[in-house]
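The next block holds one structure in the form of structure tokens; read it before the comments.
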Amino acid sequence: MSHITNGALAIDLPTPRVPAVRNRLKDTPVAGRKRVLLAAPRGYCAGVDRAVIAVEKALEHYGAPVYVRKQIVHNVHVVATLEEQGAIFVDEVDEVPEGSHVVFSAHGVSPAVVQGAADRQLQAIDATCPLVTKVHREAVRFGGQGRHIILIGHAGHEEVEGTMGHAADRTTLVQNPGEVDDLVVDDTENLVWLSQTTLSVDETMETVRRLRERFPSIQNPPSDDICYATQNRQVAIKKVARESDLVIVVGSANSSNSVRLVEVALEHGAKAAYRVDYTSEIRQEWLDGVETVGVTSGASVPEVLVQEVLDDLADAGYGDVAEVKTAEEDLMFSLPKELRKDKSGAVDARGLGGRTR
Ligand code: SF4
């Protein structure tokens with residue numbers, strides 16, 4: 001078992017997945033009709049899909065072990081599965097033997113980490129989500145123009161550390177609307193705000209509103225930093241939550257977008273909302289008197305884990321499942337350049353990234 005940290009959380013890996021036990025949840029009577037509203041989009045986004053495939057292909061290309069700095073994506077099941085295949089997850093590149101292959105996670109890294117890997121002659125494969133790289137480029141550009149960046153995000157999250165590292169002396173972090181009043185910045189006429197990709201859209205807009213009150217000339221980013229996947233999953237769960245007595249979000253505790261889905265569900269009408277890694281964590285008492293259960297999953301969650309939740313809910317009488325779809329997603333990202341061809345030199349069918357899990 002390895003022990004790695006991700007942002008503020010320390011996690012022991014692998015987290016055991018309790019084998020499915022059918023009929024664990026009892027079918028107790030409720031006043032009305034039992035049903036499930038299944039949010040769509042949910043689960044894997046293009047950036048997560050690309051990053052997970054990158055580790056799998058690195059193992060195919062180079063053989064085990066392949067080292068991965070931090071969790072490749074914030075999901076304990078994905079990480080445990082890759083660990084079984086030969087990936088070794090580490091906190092920092094100085095734990096990787098010199099000359100080895102190391103994959104940088106979807107959350108991105110600072111230039112200092114890239115340099116640290118180069119100093120150890122590591123063969124680095126960058127699985128940073130292109131939408132995180134976009135924010136890095138914005139930070140470099142605005143920092144290079146001498147602007148001061150207000151980054152909205154969560155302290156200690158790897159993505160925030162990576163983004164701040166691209167304009168370290170020109171960035172100030174603000175985590176929520178309540179922190180805006182306490183911000184101390186010198187050049188108040190030269191500000192621009194950027195954000196972490198996986199925040200609550202509504203809370204971020206409130207933070208921006210407060211920033212505008214304090215710093216009327218602050219500039220917006222050129223385009224949304226909160227990514228399409230985060231936004232789409234929040235829109236879908238808002239619609240589901242309005243009709244749900246209970247919302248179950250499948251996702252890990254350190255998955256920012258999963259935790260936000262619980263918050264958004266509670267803010268938009270769900271009477272209760274819980275996050276689970278595995279269906280085995282669903283408690284019978286959560287279902288007391290519940291007619292409608294909303295179900296969704298974070299952007300780093302394989303669909304198989306959602307299906308297991310649906311199976312358990314069906315055992316409890318919630319076999320009537322209606323999908324609530326608010327958007328179609330078909331975005332795919334090409335793999336890191338080192339992995340686009342198979343060992344024979346042919347372009348791998350997965351080289352363009354994206355697949356259904
Ligand atoms: S949640 Fe958004 S930013 Fe993060 S990996 Fe997925 S697409 Fe990229």
Side-chain angles (χ1 to χ4, degrees), residues 6-7 39-56 68-79 82 103-110 125-139 151-154 157-164 166 194-201 203-204 221-237 249-264 275 296-303 305-306 326-336 352-357:
N6 274 278
R42 64 182 176 277
Y44 266 26
C45 61
V48 162
D49 202 31
R50 172 182 186 264
V52 174
I53 294 172
V55 178
E56 292 171 346
V68 184
R69 182 186 176 274
K70 307 287 188 186
Q71 290 191 342
I72 184 70
V73 299
H74 285 165
N75 183 267
V76 292
H77 177 67
V78 170
V79 171
L82 291 171
V103 182
F104 296 146
S105 81
H107 305 99
V109 294
S110 70
I125 298 159
D126 189 359
T128 302
C129 176
L131 299 181
V132 174
T133 301
K134 175 185 87 78
V135 183
H136 290 176
R137 291 204 180 110
E138 290 168 354
L151 179 65
I152 306 171
H154 295 133
H157 191 282
E158 291 145 58
E159 183 188 321
V160 165
E161 290 174 350
T163 300
M164 291 188 80
H166 282 77
L194 302 177
S195 86
Q196 189 178 332
T197 57
T198 51
L199 301 179
S200 156
V201 174
E203 186 181 87
T204 302
S223 60
D224 281 348
D225 287 339
I226 298 179
C227 76
Y228 80 99
T230 299
Q231 296 195 34
N232 285 347
R233 281 150 191 69
Q234 288 177 16
V235 169
I237 201 58
V249 177
V250 186
S252 289
N254 60 339
S255 163
S256 173
N257 80 88
S258 300
V259 174
R260 301 291 85 72
L261 287 171
V262 174
E263 295 169 357
V264 170
R275 180 203 55 75
T296 189
S297 56
S300 47
V301 177
E303 186 66 7
L305 300 183
V306 176
T326 52
E328 295 281 352
E329 291 183 351
D330 55 8
L331 187 64
M332 291 190 296
F333 294 130
S334 55
L335 291 174
L352 294 177
R355 65 179 165 186
T356 303
R357 284 167 184 266

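These numbers were taken from a predicted model, which means no experiment stands behind them. For ligands, and for the atoms within them, numbers begin at 1 and follow the listed sequence.
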Per-atom contacts of ligand 1 with [X], taking only distances under 4.0 Å to non-hydrogen atoms:
X: Cys45; value: 1 (S), 5 (S), 6 (Fe), 7 (S)
X: Thr197; value: 3 (S)
X: Tyr228; value: 7 (S)

Does Glu159 pair with Lys70 as a salt bridge, N-O distance under 4.0 Å?
->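 Looking at Glu159 and Lys70, the cut-off is not met.
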Per atom 8 (Fe) of ligand 1, closest listed option by heavy atom (Ala106, Cys129, Gly298, Ser300) = Cys129
Over all heavy atoms of both residues, which pair between Leu131 and Thr197 is shortest? Give the atoms and the distance, please.
->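 It is O-CG2, 4.0 Å.
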Locate the shortest heavy-atom distance separating Gln196 from Ser256; write the atom from each residue and the value.
->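 Smallest heavy-atom distance, with atoms named: NE2-OG, 3.6 Å.
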Between Ser252 and Asn254, do the side chains contain an N or O donor and an N or O acceptor separated by less than 3.5 Å?
->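 Checked: Ser252/Asn254 side chains show no N/O donor-acceptor pair below 3.5 Å.
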Would you check if atom 2 (Fe) of ligand 1 lies under 2.8 Å from any N, O or S atom of Cys227?
-> yes
For the residue pair His157 and His107, does the interplanar ring angle fall in the parallel (under 30°), tilted (30 to 60°) or perpendicular (over 60°) class?
->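 Ring orientation, 0 to 90° scale: perpendicular.
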